[in-house]
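What's counted below: heavy atoms across the whole structure, side chains too, no hydrogens, waters or symmetry copies. In what follows, residues are counted from 1 in the order of the sequence shown.
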Amino acid sequence: MTPITQRRLHQFKANKRGYWSFWVFMVLLFVCLSAEFIANDKPLLVKFENGYYMPVFKNYPETFWGGDFETETDYRDAFAQDLIEDKGWMIWPFIRFSYDTINYNPPTPVPSAPTFENILGTDDQGRDVAARVIYGFRISILFGLILTFISSLFGVFMGAIQGFYGGKTDLILQRILEVWSSLPSLYILIIFSALFIPGFWTLLLILLLFSWVSLVDVVRAEFLRARNFDYVRAAGALGLSDRKIMVRHILPNAMVATMSFMPFILTGSITALTSLDFLGLGLPPGSASLGELLLQGRNNLQAPWLGFTAFLVLAVMLTLLTFIGEAVRDAFDPRKTSV
């Protein structure tokens with residue numbers, strides 16, 4: 001590990017709020033990435049006769065267990081459970097519902113209040129809210145991280161080209177950027193979402209069209225300022241290529257401004273996906289979505305657990321990401337020293 005990396009890591013740890021937020025977020029991310037093992041309508045492990053089976057990874061027809069149908073086994077059905085338990089046993093996940101599993105026997109009409117079976121209640125279609133929150137958290141985080149990473153790469157690249165070369169290159173690209181950023185992005189997003197079949201990658205591509213713009217100006221300003229520094233001129237005089245000068249000598253200075261804006265891009269990506277889902281223009285119907293859960297909370301005011309759950313999850317997620325972003329920004333700031 002290089003001394004610079006050690007210093008950055010030490011500065012990251014010095015920001016206690018961001019450091020502990022990072023570990024809380026990693027625990028939540030691990031739980032959500034393991035969603036199939038925590039919330040599922042299939043057993044984790046089945047011992048049947050002399051063999052061991054994992055329905056989480058492989059689908060088994062009901063006839064495999066001695067039933068009558070060739071279709072996939074419904075493990076929540078009492079008949080299927082009796083078939084298996086007569087010759088073995090099952091280990092279930094903590095929540096016996098997936099994000100799209102419907103509870104056909106709730107204690108009260110749906111949306112039903114929290115119970116021991118549905119710890120956060122059910123939505124207006126009888127689906128377990130806890131399971132949908134876990135799967136929805138995973139989709140939101142992965143969507144935001146992918147969108148932030150790709151848009152940051154493109155935004156930094158465009159800003160670096162404009163700031164380093166300046167002149168006509170900067171003038172032309174800046175005019176293109178001004179025209180592009182003046183487009184009504186919200187209306188275009190709504191139009192594209194209505195024209196194309198909604199999906200994870202479709203929404204990612206649509207939002208990517210506008211999310212990269214926010215980083216261009218700050219990176220461009222850093223490169224315009226740093227390209228006239230003496231050490232940058234000396235590197236050019238020694239014969240270093242433009243690419244090496246930009247990456248080695250100027251980009252580290254621009255990383256502070258970049259890291260300052262990245263948490264806003266990440267949180268903006270998550271809120272954009274949530275907003276589109278709330279408007280019914282996001283992920284396909286039935287997908288695990290925090291925006292759709294907010295919509296259900298608005299439409300079912302008699303079930304406050306829906307709105308409160310969605311609000312709390314989004315608030316915790318965005319707060320943790322903001323604190324982590326502040327700690328990362330401090331780690332990359334060469335002017336900041338940890339105590």
Side-chain angles (χ1 to χ4, degrees), residues 1 5-40 93-95 99 119-120 129-153 155 200 203-204 207-208 211 214-215 255-278 282-283 287-294 307-333 336 338:
M1 187 180 294
T5 303
Q6 292 179 355
R7 181 182 62 82
R8 290 173 177 172
L9 184 61
H10 190 59
Q11 289 181 182
F12 179 81
K13 292 181 178 179
N15 190 321
K16 298 299 183 182
R17 184 172 61 183
Y19 178 72
W20 287 110
S21 296
F22 170 77
W23 284 111
V24 173
F25 176 76
M26 292 303 296
V27 171
L28 295 177
L29 182 61
F30 175 78
V31 170
C32 293
L33 291 178
S34 308
E36 286 78 7
F37 300 97
I38 298 174
N40 209 323
F94 177 70
I95 300 175
Y99 68 92
I119 57 176
L120 293 179
V129 174
R132 292 186 65 78
V133 164
I134 294 174
Y135 284 88
F137 187 96
R138 180 173 67 179
I139 291 178
S140 298
I141 288 297
L142 293 180
F143 185 90
L145 290 176
I146 296 174
L147 182 59
T148 301
F149 177 75
I150 299 176
S151 60
S152 297
L153 286 179
F200 183 90
L203 292 174
L204 185 68
L207 291 175
L208 183 60
S211 60
S214 57
L215 277 179
M255 286 300 295
V256 178
T258 302
M259 289 297 175
S260 299
F261 273 82
M262 284 184 67
F264 298 102
I265 298 176
L266 179 56
T267 54
S269 303
I270 295 174
T271 53
L273 178 64
T274 304
S275 301
L276 289 174
D277 288 334
F278 182 80
L283 296 172
S287 301
S289 167
L290 298 178
E292 193 257 353
L293 188 60
L294 280 175
F308 286 155
T309 299
F311 170 78
L312 182 62
V313 171
L314 285 171
V316 170
M317 180 197 311
L318 299 180
T319 302
L320 290 176
L321 291 175
T322 301
F323 289 162
I324 295 171
E326 291 177 354
V328 173
R329 178 199 61 194
D330 293 345
F332 280 87
D333 190 350
K336 197 172 187 66
S338 56

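The closest donor-acceptor contact from the side chain of Ser289 to the backbone of Gly291 lies under 3.5 Å.
Residues satisfying the side chain to side chain contact (heavy atoms under 4.5 Å, CB included) criterion with Thr319, sequence neighbours excluded, are Phe323. Contacts of Ser269 classified as side-chain hydrogen bond (donor to acceptor under 3.5 Å, both in side chains), with partners at least two apart in sequence or in another chain: none. Applying the side-chain hydrogen bond (donor to acceptor under 3.5 Å, both in side chains) test to Asn15 and every residue at least two apart in sequence or in another chain returns Asp330. Legend: residues meeting ring-ring contact (aromatic ring centres under 6.0 Å, His included) with Phe94, ordered by chain and number and at least two apart, are absent.
Pairing each heavy atom of Ala39 with each of Pro93, the nearest pair is N-CB, 4.4 Å. Considering all non-hydrogen atoms of both residues, Thr274 and Leu290 come closest at CG2-C, 4.3 Å. Nearest heavy-atom pair across Tyr99 and Ala131 is N-CB, 4.1 Å. Ala130 and Ile119 get closest at one heavy-atom pair: CB-CG1, 3.7 Å. Across all their heavy atoms, Ile141 and Leu321 have their closest contact at CD1-CD1, 4.2 Å. Pairing each heavy atom of Ile134 with each of Cys32, the nearest pair is O-SG, 3.6 Å.
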Quiz prompt | Chi angles and distances behind the side chain to side chain contact (heavy atoms under 4.5 Å, CB included) call for Phe12, Arg8 | solution = CA-CA 6 Å; Phe12 179 81; Arg8 290 173 177 172; over 6 Å; no

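Within the structure, the side-chain hydrogen bond (donor to acceptor under 3.5 Å, both in side chains) test picks out the following pairs touching residues 22-34 (sequence neighbours left out): Tyr19-Trp23. For residues 132-141, the pairs satisfying side-chain hydrogen bond (donor to acceptor under 3.5 Å, both in side chains) are Glu36-Arg138, Arg132-Glu292, with sequence neighbours left out.
Of the inter-residue distances, the one linking Ile38 atom CD1 with Phe30 atom CZ reads 7.5 Å to the nearest 0.5 angstrom. Here the CG atom belonging to Leu283 is positioned 4.5 Å from the CG atom belonging to Asp277, to the nearest 0.5 angstrom. Summarising the geometry, atom CG belonging to Leu145 is positioned 7.5 Å from atom CG belonging to Leu29; distances are rounded to the nearest 0.5 Å. Taking CE of Met262 as the start and OG of Ser151 as the end, the distance is 7.5 Å to the nearest 0.5 Å. Going from atom CG of Leu273 over to atom CG of Leu147 covers 9.5 Å, rounded to the nearest 0.5 Å. To the nearest 0.5 Å, atoms CG (Leu207) and CD1 (Ile150) are separated by 11.5 Å.
By the 4.5 Å heavy-atom criterion applied to side chains, Leu293 and Val313 are not counted as neighbours.
Among Thr267, Thr271, Thr309, Leu294, the one residue that satisfies the side-chain contact (heavy atoms from CB on, under 4.5 Å) test with Leu314 is Leu294.
Ring pair Phe137/Phe25 is tilted by interplanar angle, where 30° to 60° counts as tilted.
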